[in-house]
Engineer: 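This structure is in structure tokens; I'll ask about it shortly.
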2 protein chains.
Amino acid sequence: MVSIGELSQQTGVSTQAIRYYEQIKLLPAPKRADNSYREYDDSDVERLQFVKRARQLDFALGDIAEILAFRDQNEPPCQYVMNVMAQQISAIEERVADLQRLRDELATLHRAGLTMPEDIEMKQCVCHLIKTGLSNEVGNDE
Amino acid sequence: MVSIGELSQQTGVSTQAIRYYEQIKLLPAPKRADNSYREYDDSDVERLQFVKRARQLDFALGDIAEILAFRDQNEPPCQYVMNVMAQQISAIEERVADLQRLRDELATLHRAGLTMPEDIEMKQCVCHLIKTGLSNEVGNDE
DNA sequence: CTAAACCTTATAGTAACTATAAGGTCAAGT
DNA sequence: ACTTGACCTTATAGTTACTATAAGGTTTAG
């Protein structure tokens, strides 16, 4: 039997996060010692290790809860996990593409800004470009 | 003079977001009509357009507030903006690298999962791999 | 005996909003 | 005149996954 502090150390999850997981029912309410301290056993450690690792893989707590619910009902969660993973992968790919587009846009604006004056009114400087974008200002003869 | 609904339509920012921006003092409290409806003028439209665009570039509201504060005090914000941009760019690059690492890890787990059985106990299936990672399970003879 | 290092609960704060409730105002239609 | 619907108002709760704080009880070491 380990205390919440020991569980925290063994898993690298903060004690507040552990209590939070209990509150949202991701972890079962543990037994209490006479002094009302929480007491955890090996299966609790294992469950929390799974949660920790799934969080590192950016699974949402709701997804993790569903995965654990399968197991709690003696059903293999693997199929569900595979689906969540596939979704995660495409979500990440989309997010990366978005971020790269954003990065390119910022880098272009930044380069443009290096050649521009400071301007309180923001009509002639990089601040203005933020609002309008580059297209109708730079490299666009019309 | 335009109403909050019209401002919303002209900028693509929701009315709730506009009220929220007012609340956190990103936008000044506008004049009110006799019926206490908010009334906005051209400079409000312009300011909100700047905010919108900066948000699309993923600037934090706090950064945007600082940029606008420069202008409100008749100082050119450009230097500050350039710094924020440079920070944004490296933050994004880091985030992209993190996400790509994550994506690779998930993709590898997913591929491994395709060849594994379903397992309630999660000792022999992809769910187990989530907890332990691949290294000591797959492609590792020892 | 007291100070530190634990533990407990409850509550507020984070970011950037969205959603909801409960109500006031206004223009158009019957 | 009245009602319907589309606006507007404020205030509050919910989102995500926690962290931080307050205010207190317990245990251990010196």
Side-chain angles (χ1 to χ4, degrees), chain A residues 1-27 29-40 44 47-48 50-68 84 87-88 91-92 95 98-99 102, chain B residues 1-27 29-40 44 47-48 50-68 84 87-88 91-92 95 98-99 102:
Chain A
M1 288 301 189
V2 297
S3 70
I4 194 168
E6 287 163 320
L7 179 61
S8 170
Q9 278 199 316
Q10 280 180 43
T11 56
V13 177
S14 75
T15 59
Q16 293 108 305
I18 295 170
R19 291 198 195 93
Y20 171 69
Y21 290 163
E22 180 184 330
Q23 195 187 309
I24 63 169
K25 282 151 211 230
L26 190 56
L27 301 180
K31 284 171 234 137
R32 298 299 184 112
D34 293 346
N35 53 15
S36 86
Y37 287 14
R38 287 171 179 80
E39 287 191 325
Y40 297 96
D44 294 314
R47 192 182 181 94
L48 185 51
F50 178 83
V51 173
K52 166 101 194 275
R53 187 67 184 125
R55 282 297 297 141
Q56 283 175 350
L57 295 172
D58 223 27
F59 282 54
L61 290 180
D63 287 334
I64 300 173
E66 291 212 58
I67 292 166
L68 291 172
V84 173
Q87 279 172 31
Q88 286 278 102
I92 290 169
R95 180 81 181 126
D98 283 351
L99 285 175
L102 181 57
Chain B
M1 289 298 188
V2 296
S3 69
I4 195 169
E6 286 163 321
L7 179 62
S8 171
Q9 278 199 317
Q10 279 180 42
T11 56
V13 177
S14 75
T15 59
Q16 293 108 307
I18 295 169
R19 291 200 195 92
Y20 172 69
Y21 290 163
E22 180 184 330
Q23 194 186 310
I24 63 171
K25 282 153 209 231
L26 190 58
L27 301 181
K31 284 170 234 138
R32 298 300 183 111
D34 294 345
N35 51 16
S36 86
Y37 287 14
R38 287 170 178 81
E39 285 191 326
Y40 298 97
D44 293 316
R47 193 182 181 93
L48 186 51
F50 178 84
V51 173
K52 166 98 193 275
R53 184 73 180 123
R55 282 297 298 141
Q56 282 175 351
L57 294 171
D58 223 25
F59 284 54
L61 290 180
D63 288 332
I64 299 173
E66 292 213 57
I67 292 166
L68 291 172
V84 172
Q87 279 173 31
Q88 287 279 103
I92 290 168
R95 180 76 182 131
D98 283 351
L99 285 176
L102 181 57

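A note on names: the letters A, B, ... follow the listed sequences, proteins ahead of strands, and every chain is numbered from 1.
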Engineer: Given that Glu39(A) and Gln23(A) both sit by DNA chain C, which one's nearest nucleotide is further toward the 5' end?
Structural biologist: Glu39(A)
Engineer: Using atom NZ of Lys25(A) as one end and atom C1' of dT16(D) as the other, report the distance to the nearest whole Å.
Structural biologist: 19 Å
Engineer: Would you say dC8(D) has OP1 or OP2 under 4.0 Å from some side-chain N or O of Arg19(B)?
Structural biologist: no
Engineer: How many whole angstroms separate atom CZ of Arg55(A) from atom P of dT16(D)?
Structural biologist: 11 Å
Engineer: How close or far is atom P of dC8(D) from atom CZ of Arg32(B), stated in whole angstroms?
Structural biologist: 12 Å
Engineer: So how far is it from Lys31(B) NZ to Asp44(B) CG, rounded to the nearest 0.5 Å?
Structural biologist: 7.5 Å
Engineer: Taking atom P of dC7(D) as reference, at what distance in whole Å does atom CD of Gln16(B) sit?
Structural biologist: 13 Å
Engineer: State which residues pass side-chain hydrogen bond (donor to acceptor under 3.5 Å, both in side chains) with Gln10(B); sequence neighbours excluded, sorted by chain then number.
Structural biologist: none
Engineer: If I take atom CE in residue Met1(B) and atom C1' in nucleotide dC8(D), what distance separates them, rounded to the nearest angstrom?
Structural biologist: 17 Å
Engineer: Considering only nitrogen or oxygen atoms on both sides, find all protein atoms under 3.5 Å from nucleotides 26-30 of chain D and state each distance.
Structural biologist:
{"from": "dT26(D)", "atom 1": "O4'", "to": "Tyr37(A)", "atom 2": "OH", "distance (Å)": "3.3"}
{"from": "dT27(D)", "atom 1": "OP1", "to": "Asn35(A)", "atom 2": "ND2", "distance (Å)": "3.2"}

Engineer: Go through it in stages, so that I can follow the logic: the residues are Ile18(A) and Tyr40(A), the test is side chain to side chain contact (heavy atoms under 4.5 Å, CB included), and I'd like the CA-CA distance, side-chain angles, deciding distance and then a yes or no.
Structural biologist: CA-CA 11 Å; Ile18(A) 295 170; Tyr40(A) 297 96; 3.6 Å; yes
Engineer: For the pair Gln88(B) (side chain) and Asp58(B) (backbone), establish whether a donor and an acceptor sit closer than 3.5 Å, ignoring hydrogens and angles.
Structural biologist: yes
Engineer: In Å and rounded to the nearest 0.5 Å, what is the CZ to CZ distance from Arg32(A) to Arg38(A)?
Structural biologist: 4.0 Å
Engineer: If the condition is side-chain contact (heavy atoms from CB on, under 4.5 Å), which residues does Arg55(A) pass it with, not counting sequence neighbours?
Structural biologist: Tyr21(A), Val51(A), Leu61(A), Ile64(A)
Engineer: Once you round it to whole Å, what is the distance between P of dC8(D) and CG of Leu7(B)?
Structural biologist: 10 Å
Engineer: Can you tell me the distance, in whole Å, between the OH atom of Tyr21(A) and the C1' atom of dT19(D)?
Structural biologist: 12 Å
Engineer: My understanding is that only residues two or more places apart in sequence, or in another chain, count here; which of them pass side-chain contact (heavy atoms from CB on, under 4.5 Å) with Asn35(B)?
Structural biologist: Ala33(B), Tyr37(B)
Engineer: In Å and rounded to the nearest 0.5 Å, what is the OG1 to CZ distance from Thr11(A) to Arg47(A)?
Structural biologist: 14.0 Å
Engineer: Has Glu6(A) got a side-chain atom pairing as donor or acceptor with Ser3(A)'s backbone, closer than 3.5 angstrom?
Structural biologist: yes
Engineer: I'd like the 5' and 3' limits of the part of DNA chain C contacted by chain A, with heavy-atom contacts below 4.0 Å.
Structural biologist: dC6(C) to dT9(C)
Engineer: For Gln9(A), is the CD atom crowded, meaning more than 12 foreign heavy atoms sit under 6.0 Å from it?
Structural biologist: no
Engineer: Looking at CD1 of Ile4(A) and CZ of Arg19(A), how far apart are the two atoms once the value is rounded to the nearest 0.5 Å?
Structural biologist: 4.0 Å
Engineer: Have a look at Ile24(B) and say if it touches a base, only the backbone sugar-phosphate, or nothing, with a 4.0 Å heavy-atom cut-off.
Structural biologist: nothing
Engineer: Using atom CG of Leu61(A) as one end and atom P of dT16(D) as the other, report the distance to the nearest whole Å.
Structural biologist: 9 Å
Engineer: Using the C1' atoms of five pairs at each end, what's the angle between the two axes of the helix from dC1(C)-dG30(D) to dT30(C)-dA1(D), to 10 degrees?
Structural biologist: 30°
